[in-house]
Amino acid sequence: MPERRRFEHRSQPAWVAMEDFLSEVVVKPDAALKQAVRSALDAGMPAIEVAPTAGKLLQLLVRMSGARRVLEIGTLAGFSTIWMARGLPQDGTLVTLEYSPDHAAVARKNLDNAELGDRVEIRVGVALNSLPELEGGEPFDFVFIDADKQNNSHYLDWAIKLGRPGTTIVLDNVVWEGAPLDTSLDPVNAPGIRSALELLGSDPRLDATVIQTVGSKGWDGFALALVT
Ligand code: SAH
Ligand code: DHB
Ligand code: MG
């Protein structure tokens, strides 16, 4: 399946029009957020950042949970990063892990432009190499997982390890147009997404649910979990 197109050709005009309306009327991304989206397009990155409505949800969850330390896996151009960092208190910090030095450079610019540069650390490298380096620090209060889907279960495990009872975890892209029901639809990503869903439902250290979504990003969803 031509992966990068999946979320575009399946997006129905009515969903997108409604989402644009919700974004403009309720969520209202400012110039720095709009610039982050534009910079990603200009740099030739895929338009796989969270929708503005989802970004605002992440920000509200960070605020509602009182998180002071946020971990993100998968930065891209820093769009979700900006939303979450803006939910932090004055002394809050965010660490975001990104494999691509090019993506990280664009994200750094966008975070500086949003005046969040001093609160956000971007660690460039394979996330599974960066995660062990974070051990021994203060626990993370909030973890957003949004990188390579094959490693979702490993990322959940690391989120638990680097978190504490009460840590909030959000795992993106868990519905993936229904492919977890028939993993042959996307043999690269769907098995990892499905295994992570099974882990969310069976690991006694997690209490979780999933919300399905439609909109500019097609038919997808995210998991919300609490470390118990
Ligand atoms: N969270 C972003 C979107 C992330 S897209 C937003 O909503 O704005 C996924 C990102 O994960 C890409 O930038 C990709 O380069 C990165 N990525 C993929 N595999 C990775 C890995 N193994 N380690 C770290 N980053 C990875
Ligand atoms: C893809 C990745 C994402 O994180 C996302 O939100 C949508 C699509 C992708 O790799 O196709
Ligand atoms: Mg995603």
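Quick note: numbers below take in every heavy atom, side chains included, and nothing from hydrogens, waters or symmetry partners. Order of appearance sets the numbers: ligands from 1, and atoms from 1 within every ligand.
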* Asked: Can you list the atoms of ligand 2 that are under 4.0 Å from a heavy atom of D172?
  -> 6 (O)

Just distance, no hydrogens or angles: give the donor-acceptor pairs under 3.5 Å from side chains in residues 126-138, sequence neighbours left out.
| from | atom 1 | to | atom 2 | distance (Å) |
| --- | --- | --- | --- | --- |
| E133 | OE1 | R123 | NH1 | 3.1 |
| E138 | OE2 | R68 | NH1 | 3.4 |

* To do: Could you check which N/O/S atom of D172 is closest to the Mg ion (ligand 3)?
  => OD2

* In terms of side-chain heavy atoms, does D220 have a donor or acceptor partner in W176 at a distance below 3.5 Å? -> no

* What's the verdict on side chain to side chain contact (heavy atoms under 4.5 Å, CB included) for S80 and E72, showing C-alpha distance, side-chain angles and the deciding distance? -> CA-CA 9 Å; S80 53; E72 176 176 63; 2.5 Å; yes

With a cut-off of 2.8 Å, does any N, O or S atom of [X] fall short of it relative to the Mg ion (ligand 3)?
X    : value
N173 : yes
D220 : no
D146 : yes

* SB check D30 R86 (cutoff 4.0 Å) -> yes

* Asked: Below 4.0 angstrom, N of the basic side chain to O of the carboxylate: do R108 and D112 qualify?
  -> yes

* To do: Just do the side-chain hydrogen bond (donor to acceptor under 3.5 Å, both in side chains) check on Y155 and D148 with the steps written out, would you?
  => CA-CA 10 Å; Y155 295 150; D148 50 324; 2.6 Å; yes

* To do: Hydrophobic side-chain clustering at under 4.5 Å (ILVMFWY, transitive links): who's grouped with M64? Put none if nobody.
  => L60

Identify the protein atoms, limited to N or O, that lie within less than 3.5 Å of an N or O atom of ligand 1, and list each pair with its distance to 0.1 Å.
| from | atom 1 | to | atom 2 | distance (Å) |
| --- | --- | --- | --- | --- |
| ligand 1 | 1 (N) | G74 | O | 2.9 |
| ligand 1 | 1 (N) | S80 | OG | 2.8 |
| ligand 1 | 1 (N) | D146 | OD2 | 2.8 |
| ligand 1 | 7 (O) | V50 | N | 2.9 |
| ligand 1 | 7 (O) | S80 | OG | 3.2 |
| ligand 1 | 7 (O) | D146 | OD2 | 3.4 |
| ligand 1 | 8 (O) | S80 | N | 3.1 |
| ligand 1 | 8 (O) | S80 | OG | 3.3 |
| ligand 1 | 13 (O) | L76 | N | 3.3 |
| ligand 1 | 13 (O) | E98 | OE1 | 2.7 |
| ligand 1 | 13 (O) | E98 | OE2 | 3.2 |
| ligand 1 | 13 (O) | H103 | ND1 | 2.8 |
| ligand 1 | 15 (O) | E98 | OE2 | 2.6 |
| ligand 1 | 15 (O) | H103 | ND1 | 3.3 |
| ligand 1 | 19 (N) | D148 | OD1 | 3.4 |
| ligand 1 | 22 (N) | D148 | OD1 | 3.3 |
| ligand 1 | 23 (N) | A127 | N | 2.9 |
| ligand 1 | 25 (N) | Y99 | N | 3.0 |

* Under 4.0 Å, heavy atoms only, figure out whether ligand 2 is touched by the backbone of K149, its side chain, both or neither. => side chain

* Asked: What part of D220, side chain, backbone, both or neither, has a heavy atom within less than 4.0 angstrom of ligand 2?
  -> neither

Could you tell me whether [X] and ligand 2 have an N or O pair separated by under 3.5 Å?
X    : value
I48  : yes
N173 : yes
W176 : no

* **Steps toward side chain to side chain contact (heavy atoms under 4.5 Å, CB included) verdict (V70, V95)** => CA-CA 6 Å; V70 173; V95 178; over 6 Å; no

* For residues I211 and V175, determine if any side-chain heavy atom of one lies less than 4.5 Å from a side-chain heavy atom of the other. => no

* Could I get the full list of side chain to side chain contact (heavy atoms under 4.5 Å, CB included) partners for T183, not counting sequence neighbours? => A190, P191, R194

* same_hphob_cluster(V37, V50) at 4.5 Å side-chain heavy-atom cutoff -> yes

